[in-house]
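Below: the structure, in structure tokens.
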2 protein chains.
Amino acid sequence: MADRGESIEVIQREMTVFARRARATAARMHPELSLVSFTLLSHLEDRQGCRATDLAAHYTLDKSTISRQVAALEKAGLVERRQDPADHRVHVLHLTERGVGVLAQVTDSRRIAFRERLAGWSGPDLERFAEYLLRYNAGASDEGP
Amino acid sequence: MADRGESIEVIQREMTVFARRARATAARMHPELSLVSFTLLSHLEDRQGCRATDLAAHYTLDKSTISRQVAALEKAGLVERRQDPADHRVHVLHLTERGVGVLAQVTDSRRIAFRERLAGWSGPDLERFAEYLLRYNAGASDEGP
DNA sequence: GCTAATGGTTGTACAGTACAACATGACGTA
DNA sequence: TACGTCATGTTGTACTGTACAACCATTAGC
């Protein structure tokens, strides 16, 4: 039906539409935890703690940005910084107990929202959609759209 | 393979990853035309001109935001505002010749980038991916993720 | 004609981000 | 061992995108 170029147009446009909305939506859903903070906390949980530099590399954000984000999260009591005894330059970041709790709660309510959002979808469609997104993002090293 | 919940997790996470990157990528690709500006110009071209209020409604942005964005685009010579003779409150927005040109050029280079980005994909996969995105976004009235 | 709604601008504030300058600490080599 | 270089992080500064609220101008409804 659609030719290659057409599909690409659509993907481009719809990805863009999505991007434009995501941040605002996240903010509306969770005034207490922005999309950025959420992803940082997730990563921290995933890795069971890591350095600021790792976060910066993983999300291609400037280290100053991370520094301030982390400072805010620390101030909010969601994250704590432990000096690495082996290298005194390094602060290893860990979720606090409270951080774990908040993250769990937000993750949960996000999951619920997405579940509802995707309620009309068949299992195989969901699976394929997820697959495509993974594939798309996996290919997005750092310079593609 | 994956159950429903798992797929939803993935979609949620990957959409988020994408969202986090899109803006920065657009900025890197086109320092002269942000993602926001780009979408506004596209809409203007699509509609062959429209009012600021229409843009605000379509993108669920505050009218003040639109006002300033449009002001910037006007200053950059990409858009012009024509007073509606029938209703003196209204400014109808139109692309200038230069606006059309810049939009075309950016659209083009975006298309090229996406084409490259999706080079390894089969036609049917592209088609289905596009379809899913459309479906997803179409359902995203205004409160879902 | 007066009141309410609509379209838009301006003041203000905030988040997220980058870049550059800097401080501190670690490490390798002469 | 001391010096230069690299790595980690923080701070100063500036810009974009955004919202909300107050406001002005104009139109529409009763």
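Keep in mind that the numbers below use all heavy atoms, side chains included, and drop hydrogens, waters and symmetry copies. Reminder, nothing fancy here: chain letters follow the sequence lines and each chain counts from 1.
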[atom1] of [X] versus [atom2] of [N]: gap in Å, rounded?
{"X": "K75(A)", "N": "dA15(C)", "atom1": "NZ", "atom2": "C1'", "result": "14 Å"}
{"X": "D62(B)", "N": "dT12(C)", "atom1": "CG", "atom2": "P", "result": "17 Å"}
{"X": "R28(A)", "N": "dA15(C)", "atom1": "CZ", "atom2": "C1'", "result": "16 Å"}
{"X": "K63(A)", "N": "dC22(C)", "atom1": "NZ", "atom2": "P", "result": "13 Å"}
{"X": "I66(B)", "N": "dT6(C)", "atom1": "CD1", "atom2": "P", "result": "18 Å"}

Could you pull out every donor-acceptor pair under 3.5 Å between side chains of residues 79-89 of chain B and any protein atom, sequence neighbours left out?
unit_1: E80(B); atom_1: OE2; unit_2: R82(B); atom_2: NE; d: 3.0
unit_1: E80(B); atom_1: OE2; unit_2: R82(B); atom_2: NH2; d: 2.8
unit_1: R81(B); atom_1: NE; unit_2: E74(B); atom_2: OE1; d: 3.1
unit_1: R81(B); atom_1: NE; unit_2: E74(B); atom_2: OE2; d: 3.4
unit_1: R81(B); atom_1: NH2; unit_2: E74(B); atom_2: OE1; d: 3.2
unit_1: R82(B); atom_1: NH1; unit_2: H94(B); atom_2: NE2; d: 3.2
unit_1: Q83(B); atom_1: NE2; unit_2: H88(B); atom_2: O; d: 3.4
unit_1: D84(B); atom_1: OD1; unit_2: A86(B); atom_2: N; d: 2.8
unit_1: D87(B); atom_1: OD1; unit_2: R89(B); atom_2: N; d: 3.0
unit_1: D87(B); atom_1: OD1; unit_2: R89(B); atom_2: NE; d: 3.1
unit_1: D87(B); atom_1: OD2; unit_2: R89(B); atom_2: NE; d: 3.4
unit_1: D87(B); atom_1: OD2; unit_2: R89(B); atom_2: NH2; d: 2.8

By ring pair (Phe, Tyr, Trp, His ring centres under 6.0 Å) - contacts of F38(B) (at least two apart):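 Counting only residues at least two positions away or on another chain, F38(B) forms no ring pair (Phe, Tyr, Trp, His ring centres under 6.0 Å).
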Members sharing V90(A)'s hydrophobic cluster (side chains within less than 4.5 Å): V92(A)
ILVMFWY clustering at 4.5 Å (side-chain atoms), partners of I112(B):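 Under the 4.5 Å side-chain rule, I112(B) groups with nothing.
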Upstream residue (5' side of DNA chain C) when Q69(A) and S64(A) are each assigned their closest nucleotide: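 Nearest nucleotide further toward 5': that of Q69(A).
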Short side-chain N/O contact to dG16(C) OP1/OP2 from S34(A), under 4.0 Å: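 Yes.
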Heavy-atom donor-acceptor pair, T39(A) side chain to L35(A) backbone, under 3.5 Å: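 Here the side-chain-to-backbone pair exists.
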Flag, side chain of Y132(B) to backbone of R128(A), donor-acceptor distance under 3.5 Å: no
Outermost DNA chain D nucleotides near chain B [under 4.0 Å, heavy atoms]: dG17(D) to dT27(D)
Contacts of S37(B) that satisfy side-chain contact (heavy atoms from CB on, under 4.5 Å) - sequence neighbours left out: L33(B), S34(B), Q69(B), L73(B)
Partner set under side-chain contact (heavy atoms from CB on, under 4.5 Å) for A56(A), not counting sequence neighbours: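 A56(A) satisfies side-chain contact (heavy atoms from CB on, under 4.5 Å) with I66(A) once adjacent residues are dropped.
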With sequence neighbours excluded, residues passing salt bridge (Lys or Arg N to Asp or Glu O under 4.0 Å) with D54(B): R51(B)
Residues forming a salt bridge (Lys or Arg N to Asp or Glu O under 4.0 Å) with D46(B), sequence neighbours excluded: none
Comparing R68(A) and H91(A) on DNA chain D - which has the more 5′ nearest nucleotide: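 Result: H91(A).
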Listed nucleotide nearest any side-chain atom of V36(A), set dG8(C), dG16(C), dT9(C): dG16(C)
Protein-to-nucleotide contact annotation, 5' to 3' order, nucleotides 23-28 of chain C [B base; S sugar-phosphate only; - none; under 4.0 Å, heavy atom]: -BBS--
With T65(A) via side-chain hydrogen bond (donor to acceptor under 3.5 Å, both in side chains) - residues at least two apart: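 Scan of T65(A) (side-chain hydrogen bond (donor to acceptor under 3.5 Å, both in side chains), adjacent residues dropped) gives none.
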Stretch residues 39-56 of chain B: residues that reach within less than 4.0 Å of DNA chain C through a heavy atom: R51(B), A52(B), T53(B)
